[in-house]
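Residue numbers begin at 1 in each chain, while the letters A, B, ... track the order of the sequences. The figures here come from the full heavy-atom set of this structure, side chains too, leaving out hydrogens, waters and symmetry mates. None of these values were measured; they are calculated from a predicted model.
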Amino acid sequence: MITKTITDFDIRQTADSGQCFRLNERQDGSYALVAGGRYLEISQRGGEITFSCTGTEFETLWRSYFDLDTDYAGMKESVDPADDYMRTAISFGGGIRILRQELWETLVTFIISQQNNIPRIKKCVESLCAQFGERRENYRGEPYYTFPSPSVLGRLPDEALDSIHLGYRSKYILKTARMVEEGAVDLSAIQKLKYEEAKAELMKCYGVGVKVAECVCLFALHHIDAFPVDTHIRKVILTHYPSGFPLNRYRGFAGVLQQYAFYYDVHGAG
DNA sequence: TGACAGGTACATG
DNA sequence: CATGTACCTGTC
C-alpha cells in the first residue's frame, strides 16, 4: 500500500473515459485494474490516492501508466478562455489522465470497440482474457487473467473466438494477431515511430482503420496530438464547433481535449 | 421491431 | 477519390 497526493487526477473519471476496458469499480468504491500482467487496486479520497502496491512497483510501473509526470494543469490553462464548451468539459472531467497502456492490448481492445458499446466491450475483453490469458492470483487470493499475447492469439484456428461473441471482429483480431506473429507488423518498431508513421503502420493491420489507429496512438503510444473522431466527437464538433475543431490552436495536446469532450458528451448532463 | 453502439473492408461511380 | 453497403451481437 502506498498513498500519494496527486492533482488533476480522478480515478472514476479516468475509468469511465472509455480509453481503458479493464479498470473497473469495485463494491466498496475503489477501482481494480489488470495491466502489464499485474493487478492493482486504487482508491481515492480527494487528492489522496492509495495504490495497493509497493513503493517500488508504483515508481517502476504505475507512475508512468497513469501518466503522473505530465503537466495536465498547464494544458488545461492553455485552453482558449472563449472556448466555452471545452471549459465546461474540463470542469466536468478535468481529472482524466491519458493512460500509457500496452500496445498489443490497446490494439485488440479497440478493434473490439468498433460498432460496440462499452459494457459489451468490457465483457468481450474479460472473456478473451479468461479463455486465453494467463491465470494469476491477486493479493486477496482471487484469480485474475492477463491479456493474451500475440503468439497465443495468432496460433488460434479461425473458430477459436466463437465463444467470445465478437461477431465480425473475430477475423480482424485473428488476422492482426497472425500479422504480428509473422512479423508483417512489428509492434516494438511502432513504439519508436512518430505519430503519423505509427498510425500508418497500425493501419496495415486487418480491421484497423483511421479511428482505431488514432485511439491506439493516443492511449498506448501517448501521441497526445492524435485526435480520434468517433460518433460522439463528430456530434460534439457538429453542435459546438460548426466551423471545425480548432486543431491548429490545440496542436500538441488535442487528444487530451478530445478525451474531456468525449467524457462530457457521454456522461455530462446536456 | 428496428436502430444503435467510440468502424472497417470492399465494391462501385 | 468520394460515396454506399454489409457486417456480429446485445440491448432498449
Could you check which of [options] has an atom nearest any side-chain atom of [X]?
{"X": "Gln259(A)", "options": "dG6(B), dC10(B), dG7(B)", "result": "dG6(B)"}
{"X": "Arg120(A)", "options": "dG7(B), dA9(B), dC8(C)", "result": "dC8(C)"}
{"X": "Phe219(A)", "options": "dA5(B), dA9(B), dG6(B)", "result": "dG6(B)"}

Indicate, with a heavy-atom threshold strictly under 4.0 Å, whether [X] touches base, sugar-phosphate, or nothing.
{"X": "Val229(A)", "answer": "nothing"}
{"X": "Pro119(A)", "answer": "nothing"}
{"X": "Gly18(A)", "answer": "base"}
{"X": "Cys215(A)", "answer": "base"}
{"X": "Glu214(A)", "answer": "nothing"}
{"X": "Thr109(A)", "answer": "nothing"}
{"X": "Phe262(A)", "answer": "base"}
{"X": "Val266(A)", "answer": "nothing"}

Do the charged groups of [X] and [Y] touch, with an N to O distance under 4.0 Å?
{"X": "Arg22(A)", "Y": "Glu126(A)", "value": "yes"}
{"X": "Glu214(A)", "Y": "Lys199(A)", "value": "yes"}
{"X": "Asp158(A)", "Y": "Lys171(A)", "value": "no"}
{"X": "Arg100(A)", "Y": "Asp67(A)", "value": "yes"}

Round to the nearest Å and state the distance from [X] atom [atom1] to [N] atom [atom2].
{"X": "His165(A)", "N": "dC7(C)", "atom1": "NE2", "atom2": "C1'", "answer": "17 Å"}
{"X": "Arg169(A)", "N": "dA9(B)", "atom1": "CZ", "atom2": "P", "answer": "13 Å"}
{"X": "Gln114(A)", "N": "dG6(B)", "atom1": "CD", "atom2": "C1'", "answer": "10 Å"}
{"X": "Arg234(A)", "N": "dC4(B)", "atom1": "CZ", "atom2": "C1'", "answer": "15 Å"}
{"X": "His232(A)", "N": "dA5(B)", "atom1": "NE2", "atom2": "P", "answer": "7 Å"}
{"X": "Asn117(A)", "N": "dA5(B)", "atom1": "CG", "atom2": "C1'", "answer": "5 Å"}
{"X": "Tyr172(A)", "N": "dC8(C)", "atom1": "OH", "atom2": "C1'", "answer": "10 Å"}
{"X": "Ile118(A)", "N": "dT9(C)", "atom1": "CD1", "atom2": "P", "answer": "21 Å"}

Residue whose closest nucleotide on DNA chain B lies nearer the 5' end, Phe110(A) versus Gly207(A) = Phe110(A)
key: Nearest-nucleotide 5' precedence on DNA chain B, Cys20(A) against Cys205(A)   = Cys20(A)
How about [X] and [Y]: are their ring centroids closer than 6.0 Å?
{"X": "Phe132(A)", "Y": "Phe147(A)", "result": "no"}
{"X": "Tyr264(A)", "Y": "Tyr85(A)", "result": "yes"}
{"X": "Phe21(A)", "Y": "Phe110(A)", "result": "yes"}

Looking only at atom [atom1], what distance separates [N] and [M], rounded to whole Å?
{"N": "dA6(C)", "M": "dC4(B)", "atom1": "C1'", "answer": "16 Å"}
{"N": "dT11(C)", "M": "dT8(B)", "atom1": "P", "answer": "24 Å"}
{"N": "dA5(B)", "M": "dT3(C)", "atom1": "C1'", "answer": "23 Å"}
{"N": "dC7(C)", "M": "dA3(B)", "atom1": "C1'", "answer": "15 Å"}
{"N": "dG10(C)", "M": "dA9(B)", "atom1": "P", "answer": "23 Å"}

Base-pairing string, 5' to 3', of DNA chain C - Watson-Crick or wobble, under 3.5 Å, | interstrand = |||||||.||||
ask   = Counting only side-chain N and O atoms of Lys171(A), is one of them less than 4.0 Å from OP1 or OP2 of dC8(C)?
value =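 For dC8(C), OP1/OP2 do have a side-chain N/O of Lys171(A) under 4.0 Å.
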ask   = Does any N or O donor sit under 3.5 Å from an N or O acceptor when you compare the side chain of Lys211(A) with the base of dG6(B)?
value = yes
message = Check the orientation of Tyr263(A) and Phe92(A). Use parallel for under 30°, tilted for 30 to 60°, and perpendicular for over 60°.
response =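 Plane angle between 30° and 60°, so tilted.
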task = Fit a plane to each ring of Tyr39(A) and Tyr139(A), take the angle between them on a 0 to 90° scale, and name the class: parallel (under 30°), tilted (30 to 60°) or perpendicular (over 60°).
result =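 Ring orientation of Tyr39(A) relative to Tyr139(A): tilted.
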